[in-house]
Each structure stands twice: as C-alpha cells, then as structure tokens.
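Here's the structure, in structure tokens; my notes come after.
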Amino acid sequence: MKISKPRGTRDFLPEDTKKRRYVENILRQVVKNWGFNEIITPTFENLELFTLKSGEGIVGELYNFTDKGDREMTLRPELTAPVMRMYVNEMQAHQQPLKLFYFENCFRYERPQKGRFREFWQFGVELIGSRRIDADAEVIALATEMLRSVGIKGDLHVNNLGVIRRLLNVLETEHQSKIMRLVDKKDDAGLDDFLKEISAPADLRMKLIELISLTGKDAIARARDLIGDIPEIEDFRELLTMLDAYGVEYTIDFGIARGLDYYTGMVFEIYAEGLGAQNQVCGGGSYQLIKLFGGGDVPSTGFGLGFDRIMEVCEVEVPEDKPIVVIARDNTRLEAVKMAVELRKHMPIYIDLMKRNFKAQFSYANNIGANYVIIIGEQEIEAGKLTLKNMESGDQELLSIEEIIHKLVKNDRKKL
RNA sequence: GCCGGGGUAGGGUAGCGGUUAUCCUGUAGCCCUGUGGAGGCUACGAUUCGAGUUCGAUUCUCGAUCCCGGCCCCA
C-alpha cells in the first residue's frame with residue numbers, strides 16, 4: 001500500500017532542498033544587512049486571529065480544526081496577523097521601530113495550480129512603529145533588493161491608497177470598502193454598476209474611473225489635475241523621491257488597491273515573468289492591524305515574498321558539493337573508519353557502507369562526483385600515511401593525515 | 001466550488017481490445033580482490049484506483065483520485 005502525499009504539498013529531494021536553502025540564505029543575508037531580526041510564531045493559531053483580520057469568509061480557505069479541548073484552531077494561512085499578535089502580546093514596550101522578518105510555511109485550502117500550493121513558504125518583513133514615509137521606502141527598497149539578490153527582475157507597481165480614499169470619503173464607509181474591493185479585483189464593469197447603484201455623484205464617478213487607470217510617469221501630475229493638491233499626493237511624491245534615492249525603479253499605478261480596510265496608505269506589488277496566472281511574487285503595504293488586535297495605535301509596513309514562486313523563476317547557480325570519499329581494502333576498513341573520524345572534523349567524508357570491493361568504491365566515488373579520494377590500504381598502513389588522489393587529474397600522492405587536511409582545507413576551502 | 005488536458009518501472013517512453021507490456025535511463029551485482037569514467041552480461045522495477053461493456057481491458061465507457069493549466073479567491 002503506497003501512501004501518497006496530501007494534495008498541494010511537495011516533497012523536496014536533496015537537490016531541490018539544496019537550492020531552496022541556498023536561495024533562502026541569500027535572502028536571509030540581505031534582510032539581516034538591512035537590520036531586520038528573525039522571529040518564529042506558532043504553526044497554528046486561534047482561528048479568530050484570522051477571521052478578525054480577514055472576515056468570516058476566510059474560513060473556507062483555511063486548514064482549520066477543532067482541537068481536543070474544543071478550541072477552534074487553524075494552520076496559519078499567512079504571517080502578518082501572527083506577527084502583529086505577537087507584537088501586541090509581548091513586544092509593545094520594545095524600542096521602535098521594530099524590524100522583524102520571518103521565513104515559514106503557510107497553509108491554505110485552495111485549488112493548486114502553477115505557483116500555488118496548499119503548503120507554501122513565505123518570506124516576509126514587518127516594520128513596526130514608524131508612520132514615516134522613510135519606513136515605506138525602506139521596505140519597498142528592501143523587497144526589490146531581495147529579488148535582485150537572487151537574480152529576479154521584478155516589475156514593481158506602487159500606489160498610495162490615501163489618494164483614492166480622499167476621493168471616496170464623501171461616501172458611506174461601507175460603500176467605500178466595497179469600491180476598494182472592486183478596484184482591487186480590477187472589476188471595472190462591477191465598479192461602474194455599483195457606482196450607479198449607489199448613485200455616486202457623476203463627477204466622483206468620472207474621477208474615480210480615471211484615477212484608477214492612471215499609471216506611469218505623469219500619473220502623479222494627472223492625479224493632481226484630477227483631484228487637486230491634496231496632502232496624500234504630496235506624500236506619494238515624497239515616497240517616490242525616496243525610491244529614486246534608493247535607486248529603485250517603479251511604476252506608479254493608482255489601480256493597485258486592497259480589499260481590506262486596515263491598509264492605510266502605501267501599497268505595492270511586484271510581478272515576475274514566467275509564472276503564468278500567479279505572477280505576483282511580492283505584495284506589501286502599510287497597515288494598521290495592531291489596534292484591531294487590541295494594541296495601541298501603532299502603524300506598520302511590510303511585505304510578503306512568495307518563496308515558491310521565487311524558486312520557480314530565480315536563476316542562481318548553486319555551488320556544487322565536492323564530496324571526498326575514503327576508500328579502503330577489506331582488511332583495512334577499521335583503520336579507514338578511524339581516519340574518517342579525524343577527517344570529518346574538517347571536511348565532508350563518505351566511506352563505503354555497502355561492503356563494495358576496492359574497485360567498486362572508486363566507481364562509487366566517481367558517480368557521486370568526488371573530486372578527491374583518500375585511499376587507506378595495506379600499503380598506506382605500512383607507510384603510516386594515506387594516499388590522496390585527485391579524481392580529475394588522476395594524480396595521487398602519499399601524505400600524512402595532517403598534510404591532507406592542510407591541503408584540502410587550506411587550499412581548497414571554497415570547493416568544500 | 002467550477003472548466004479543460006493528462007496519469008504505463010525511481011525518471012523518460014512504446015503499445016491503443018488478446019504482447020512474456022517495448023526501449024532508454026537508473027539502482028544493485030558480475031566480467032575486473034590496489035585504482036574510477038567506456039563496454040558487455042545479469043538482476044530489480046510499471047499499466048492510479050473502483051465499477052461497467054466484453055470470452056478477454058493498459059487499450060472502450062462511467063466515477064473517484066492525483067498531476068498540469070485556467071476560473072474563482074488571493075488575507
């Protein structure tokens with residue numbers, strides 16, 4: 001009876017895992033250099049954490065369950081809410097801004113497709129405590145730098161929701177939310193219908209439709225023509241000026257929105273090619289969740305990177321492993337084991353576990369791509385030394401164990 | 001939840017009503033007990049599952065399941 005893995009999950013073979021860890025470490029290094037500290041939150045949380053953030057409708061997409069104490073729980077579908085919960089629970093007295101990052105698996109009960117799995121990994125950053133544009137700019141710049149560091153050319157679209165909110169603030173709050181959802185979905189027909197349905201002023205209707213279509217270089221100027229010189233546009237300009245200073249390329253896009261009310265201003269998305277329908281590799285923005293979770297009026301800004309999508313499109317060269325194989329004769333196996341123990345203090349050593357004959361051990365070394373083998377046979381025991389053979393050149397020499405360690409670790413460190 | 005396209009050894013494939021189910025690769029071993037890569041030989045290993053049609057199904061039909069792509073959703 002063969003058991004298959006659950007739908008939408010994946011096994012990562014050694015080669016896959018090597019690449020994932022390699023890319024992960026590059027990203028980790030970047031965020032550390034930007035001064036962010038890693039945190040870990042539970043794999044499951046109280047269901048309420050996510051319904052509070054995203055509404056009851058979210059439950060259909062969750063891996064939720066009732067535990068043996070009759071508590072409603074769920075595997076986490078994302079990490080922003082847990083991080084905010086953690087902040088409210090135990091970090092409110094920390095020096096601000098708090099610069100946190102995480103790299104964890106998340107779970108969503110969804111139909112799998114290209115770049116979408118039921119268990120997936122998110123690499124995210126949350127900057128808590130600053131409402132300054134500097135924080136927004138740093139977060140965006142960091143996101144682009146992370147993608148750049150793993151060889152992804154992303155297309156960054158950025159917006160300030162304050163502008164559209166200002167335009168809509170004559171409407172009822174509920175109507176505003178509904179409009180934001182329609183804009184987020186890019187459902188232009190639905191938006192038009194809805195505006196008619198609530199009899200929005202013709203002037204507002206015209207301006208809104210035009211505003212959300214504004215993208216590109218002169219979008220700011222046209223937005224100002226459309227709704228006047230409001231502070232939100234000035235903020236947006238300031239953000240863009242900072243992004244210029246960071247050397248970040250962007251596209252202004254008033255059509256980027258979020259369907260949820262806690263987004264406060266800046267929002268951005270980054271797309272990459274080669275991912276089919278799921279081409280967004282990063283999404284972020286500034287938001288106010290801490291108050292919703294019972295904390296103070298503390299602003300945050302952050303983003304999440306879809307790590308699996310990054311793996312699909314990134315083009316990094318993973319350095320090859322260069323294993324070293326200790327080869328012994330039948331009657332020198334125990335000596336070989338002793339030597340291996342010493343050598344393993346310095347380098348990765350493979351030793352025969354299959355009781356292969358001398359020749360077959362060479363063959364094995366060759367097959368796993370060893371660039372050195374260390375031979376321990378009768379001749380070596382007699383000489384009190386070991387034979388080091390370079391598998392590429394075929395050269396071999398009789399050396400002491402210290403000489404071998406010195407040679408391989410000192411001269412060849414990078415290859416190990 | 002919905003719509004397409006798929007599923008034959010570990011990977012890649014051929015067969016499309018009756019085959020010992022093809023070939024390549026892989027893995028293990030031998031040729032070859034102090035020297036690897038080539039070659040030869042041997043072994044291992046598969047029709048996704050369940051119903052139906054049929055004398056007979058890997059092949060046809062239906063259902064399920066999983067994979068791939070898309071819709072919905074995207075916190």
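All heavy atoms count here, side chains included; hydrogens, waters and symmetry mates do not.
Rounded to a whole angstrom, the distance from the C1' atom of B:rU27 to that of B:rG12 is 16 Å. Atom name C1', nucleotides B:rA14 and B:rU47: the rounded distance is 12 Å, in whole Å. Nucleotides B:rU13 and B:rG6 are separated by 15 Å at their C1' atoms, to the nearest Å. Comparing the P positions of B:rU20 and B:rG26 gives a spacing of 29 Å, expressed to the nearest Å. B:rG50 and B:rG45: their C1' atoms are spaced 25 Å apart (whole Å). Nucleotides B:rU53 and B:rC16 have their P atoms positioned 25 Å apart, rounded to a whole Å. Rounded to the nearest Å, the gap between the C1' atom of B:rU48 and that of B:rU59 is 15 Å. When the P atom is used for both B:rC23 and B:rC62, the distance is 33 Å, rounded to whole Å.
If you check every strand for non-hydrogen atoms under 4.0 Å, A:A277 touches sugar and phosphate atoms only. Residue contacts shown for A:Q379 include a base, since a base heavy atom lies under 4.0 Å away. The residue A:Q122 sits apart from the nucleic acid: no heavy atom pair falls under 4.0 Å. Heavy atoms of A:G394 sit under 4.0 angstrom from at least one base atom. Residue A:G377 is classed as a base contact, given a heavy-atom separation below 4.0 Å to a base. Across all strands shown, A:N367 has no heavy atoms under 4.0 Å from either base or sugar-phosphate atoms. Here A:S4 lies out of heavy-atom contact (under 4.0 Å) with every strand. Within 4.0 Å (heavy atoms only), A:I375 reaches at least one base atom of the nucleic acid.
The stretch residues 153-163 of chain A has no heavy atom under 4.0 angstrom from RNA chain B at all. A heavy atom closer than 4.0 Å to some atom of RNA chain B occurs in no member of residues 282-315 of chain A. Residues from residues 251-264 of chain A placing a heavy atom under 4.0 Å of any atom in RNA chain B, listed by number, are A:L260, A:Y262, A:Y263.
Looking at A:E138 and A:K99, a side-chain N of the basic residue comes within less than 4.0 Å of a carboxylate O on the acidic one, giving a salt bridge. Contact check on A:D352 versus A:K355 returns no salt bridge, with no Lys/Arg side-chain nitrogen under 4.0 Å from an Asp/Glu carboxylate oxygen. Between A:R28 and A:E24 a salt bridge is recorded (basic side-chain N to carboxylate O distance below 4.0 Å). A salt bridge does not link A:E312 to A:R309: none of the charged nitrogens lies less than 4.0 Å from a carboxylate oxygen.
Of the candidate nucleotides B:rC30, B:rA75, B:rA28, B:rA75 has the atom lying nearest to any side-chain atom of A:P77. Of the candidate nucleotides B:rG4, B:rU35, B:rA75, B:rA75 has the atom nearest to the side chain of A:E110. Closest to the side chain of A:S54, out of B:rA75, B:rG1, B:rC30, is B:rA75. In the set B:rC71, B:rA75, B:rG37, the nucleotide with an atom closest to the side chain of A:R111 is B:rC71. Closest to the side chain of A:Q278, from the set B:rA75, B:rU35, B:rC73, is B:rC73.
In this structure, the side chains of A:L79 and A:C106 come closer than 4.5 Å at one or more pairs of heavy atoms.
When the side-chain nitrogen and oxygen atoms of A:K185 are compared with OP1 and OP2 of B:rC73, one or more of them lie within a distance under 4.0 Å. Applying the 4.0 Å criterion to OP1 and OP2 of B:rC67, one finds that A:R7 has a side-chain N or O inside that range. Using a 4.0 Å cut-off, some side-chain N or O of A:Q113 falls inside it from OP1 or OP2 of B:rG70. OP1 or OP2 of B:rA28 sits under 4.0 Å from a side-chain N or O of A:R356.
Taking the nucleotide of RNA chain B with the nearest heavy atom to each of A:I58 and A:N357, the more 5' of the two is matched to A:N357. With the nearest nucleotide of RNA chain B identified for both A:S393 and A:Y364, A:Y364 has the one nearer the 5' end.
With pairs defined as Watson-Crick or G-U wobble and both atom distances under 3.5 Å, the stems of at least three pairs that touch RNA chain B come out as B:1-7 with B:65-71, B:10-12 with B:23-25, B:26-31 with B:39-44, B:48-52 with B:60-64.
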For residues 54-62 of chain A, please give each side-chain donor-acceptor pair under 3.5 Å, one per line with the distance, not counting sequence neighbours.
none

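Environment of CZ in A:F293: crowded, with over 12 heavy atoms of neighbouring residues, nucleotides or ligands closer than 6.0 Å. Counting non-hydrogen atoms of neighbouring residues, nucleotides and ligands closer than 6.0 angstrom, the CD atom of A:E72 exceeds 12 such neighbours.
Checking side-chain atoms of A:N357 against main-chain N and O of A:A360 turns up a donor-acceptor pair under 3.5 Å. Formation of a donor-acceptor pair under 3.5 Å by the A:T332 side chain with backbone atoms of A:I376 is found in this model.
Shortest non-hydrogen contact noted between A:P112 and A:G8 is CG-CA, 3.9 Å. Scanning all heavy atoms of the two residues, the minimum distance from A:G154 to A:I270 falls at CA-CG2, 3.8 Å.
Under the 6.0 Å cut-off for aromatic ring centres, A:H94 and A:Y87 do not qualify, their centroids lying 6.0 Å or more apart.
Between A:I368 atom CD1 and B:rG26 atom P the separation is 16 Å, expressed in whole Å. Distance CD (A:Q280) to P (B:rC73): 14 Å, rounded to an integer number of Å. Between the CE atom of A:M84 and the C1' atom of B:rA75 there is a distance of 13 Å, given to the nearest Å. For A:D184 and B:rC72, the CG to C1' distance is 14 Å, given to the nearest whole Å. When the P atom of B:rC71 is taken as reference, atom NZ of A:K114 falls 13 Å away, rounded to whole Å. Straight-line distance from the CD1 atom of A:I3 to the C1' atom of B:rC66: 14 Å, rounded to whole Å. Distance CG (A:N366) to C1' (B:rU27): 16 Å, rounded to an integer number of Å. For the pair A:R118 CZ and B:rU65 P, the interatomic distance rounds to 11 Å; values are reported in whole Å.
You'll find a donor-acceptor pair under 3.5 Å spanning the side chain of A:R116 and the base of B:rC74, going by distance alone. No N or O donor and acceptor, one from the side chain of A:Q361 and one from the base of B:rU35, sit under 3.5 Å apart.
Between A:Y364 and A:Y350, the ring planes are tilted. Angles from 30° to 60° get that label.
Using modelled atom types and a 3.5 Å distance limit, the side chains of A:E269 and A:N159 yield no donor-acceptor pair.
The line from CD of A:E249 to OG1 of A:T144 is 9.5 Å long, rounded to the nearest 0.5 Å.
Put simply, the residue from A:K114, A:R10, A:R118 that forms a salt bridge (charged side-chain N to carboxylate O under 4.0 Å, His left out) with A:D308 is A:R10.
The side chain to side chain donor-acceptor pair (under 3.5 Å) contacts involving residues 176-186 of chain A comprise A:S177-A:D261, where partners must be two or more places apart or lie in separate chains.
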